[in-house]
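Below are the structure tokens for one structure; questions will follow.
For clarity, every value in this text was computed on a predicted model and none was experimentally measured. The figures here come from the full heavy-atom set of this structure, side chains too, leaving out hydrogens, waters and symmetry mates.
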Amino acid sequence: MHTPSLVGWLLVLLCAATGGYCLTRSRGGSPAQRVTARCEALMAVGMAVMALPASVVPPPAWSPWVFTAVFGATALWALVRRHPHHAVGALAMVYMALAMVGMPDMAGHPAAGMNGMAGMAGMAGMTHSAPAGVPLLTGLLLAYYAVYVLAAGARLVPGDAGAGPRAVVGAERGACAGPPVVLRACQVAMGLGMLAMLLAL
């Protein structure tokens, strides 16, 4: 990983805040909204933990395998329940965790577990001879999340800003429309976070 410590902490804050909101939404709304909120909360917590600066909180050597087990099971569940976006997100987490296993440390030796995850972890001066992971797969995931963020962000834009009296009616319904809109905004934020983490590989 090649990001400075500040970027890592910003990712932690973004993902932790998103996960906290999604957890509060997981107890209300429709069944579909609750499922979405729980999936997003799990992703957010996982991303926040993965983004923790290793210079402050060194991850144990078994961290990648925990990520692999948890998000591998999540991906399988999402595929069974026909939630393709959540399946892609969980598999992306598995991919990033496994990509860090053989990453060299500052001395140029293979790192144990996720201790080589120094860029997202905040080791700004660290350089690598080659990026972690498979470049083609990383590029495909980057393309997917770029399209997803643009499409999801476009859906947040009001369709008719000059609706006149209808705008008043829409405002009266804001209490019902607000939380789902915020949840979609959290999904956009999670997509941006995933983009940042993939770019740091």
Side-chain angles (χ1 to χ4, degrees), residues 1-24 26 37-79 85-135 137-138 140-142 145 186-187 189-201:
M1 314 300 287
H2 303 278
T3 57
S5 179
L6 176 61
V7 176
W9 281 118
L10 288 175
L11 281 170
V12 171
L13 291 175
L14 172 68
C15 296
T18 303
Y21 176 79
C22 290
L23 283 176
T24 64
S26 65
R38 289 165 186 164
C39 290
E40 295 296 335
L42 178 61
M43 286 289 299
V45 172
M47 290 172 64
V49 173
M50 187 177 283
L52 279 171
S55 57
V56 180
V57 186
W62 42 262
S63 296
W65 312 118
V66 173
F67 278 105
T68 300
V70 171
F71 288 100
T74 302
L76 181 60
W77 176 89
L79 288 172
H85 174 68
H86 293 137
V88 171
L91 290 174
M93 292 291 290
V94 172
Y95 168 67
M96 288 191 293
L98 293 178
M100 307 317 301
V101 174
M103 204 169 190
D105 59 16
M106 292 187 71
H109 300 96
M114 294 185 74
N115 287 319
M117 188 176 164
M120 176 182 297
M123 311 294 280
M126 184 175 179
T127 59
H128 302 289
S129 58
V134 181
L137 184 53
T138 302
L140 290 174
L141 288 171
L142 284 170
Y145 276 101
C186 288
Q187 292 172 332
M190 292 297 297
L192 289 171
M194 188 67 77
L195 275 174
M197 294 174 75
L198 287 167
L199 285 170
L201 279 179

| task | Just jot down the side-chain contact (heavy atoms from CB on, under 4.5 Å) partners of L14, sequence neighbours excluded, or say none. | result | T18, A189
| query | CG of L142 to CG of L199: how many Å apart, nearest 0.5 Å? | reply |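 Answer for the CG-CG pair, L142 versus L199, is 5.0 Å.
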| query | Mind checking what makes side-chain hydrogen bond (donor to acceptor under 3.5 Å, both in side chains) contact with T138, not counting sequence neighbours? | reply | Y95
| said: Counting C-beta onward and ignoring hydrogens, is there a side-chain heavy-atom pair between F71 and L91 closer than 4.5 Å? | reply: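 The answer is no; the side chains never approach within 4.5 Å.
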| R38 CZ to C22 SG distance, which is reported to the nearest 0.5 Å | 12.0 Å
| query | Can you name the nearest heavy-atom pair linking V94 to G72, along with the distance? | reply |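 Reported closest heavy-atom pair: CG2-N, 3.5 Å.
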| query | Side-chain contact, heavy-atom cut-off 4.5 Å: W65 with L98? | reply | yes
| message | Taking the side chain as everything from C-beta on, heavy atoms only, tell me whether H85 gets closer than 4.5 Å to Q187. | response |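 Counting from C-beta outward, H85 and Q187 never come under 4.5 Å.
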| Just how far is it from atom CE of M197 to atom CE of M93, taken to the nearest 0.5 Å? | 5.5 Å
| Heavy-atom closest contact (F67 atom, A97 atom, distance) | CB-CB, 3.6 Å
| note | In short, Y21 meets C186 closest at the heavy-atom pair CD2-SG, 3.5 Å
| said: Show the nearest heavy-atom pair for residues S26 and L23, with the distance to one decimal. | reply: OG-O, 2.6 Å
| said: Please enumerate all residues that pass side-chain hydrogen bond (donor to acceptor under 3.5 Å, both in side chains) together with E40, with sequence neighbours excluded. | reply: H86
| field | Rounded distance [0.5 Å steps], CG in L42 versus CH2 in W77 | value | 9.5 Å
| Flag side-chain contact, heavy atom, 4.5 Å: M47 against L11 | no
| query | Which pair of non-hydrogen atoms, one from M96 and one from M194, has the smallest distance, and what is that distance? | reply |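 Smallest interatomic distance, heavy atoms only, reads CE-SD, 3.4 Å.
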| What pair of heavy atoms forms the shortest contact from A48 to V12, and how long is it? | O-CG2, 3.5 Å
| field | Non-hydrogen side-chain atoms of L141 and V88 separated by less than 4.5 Å | value | yes
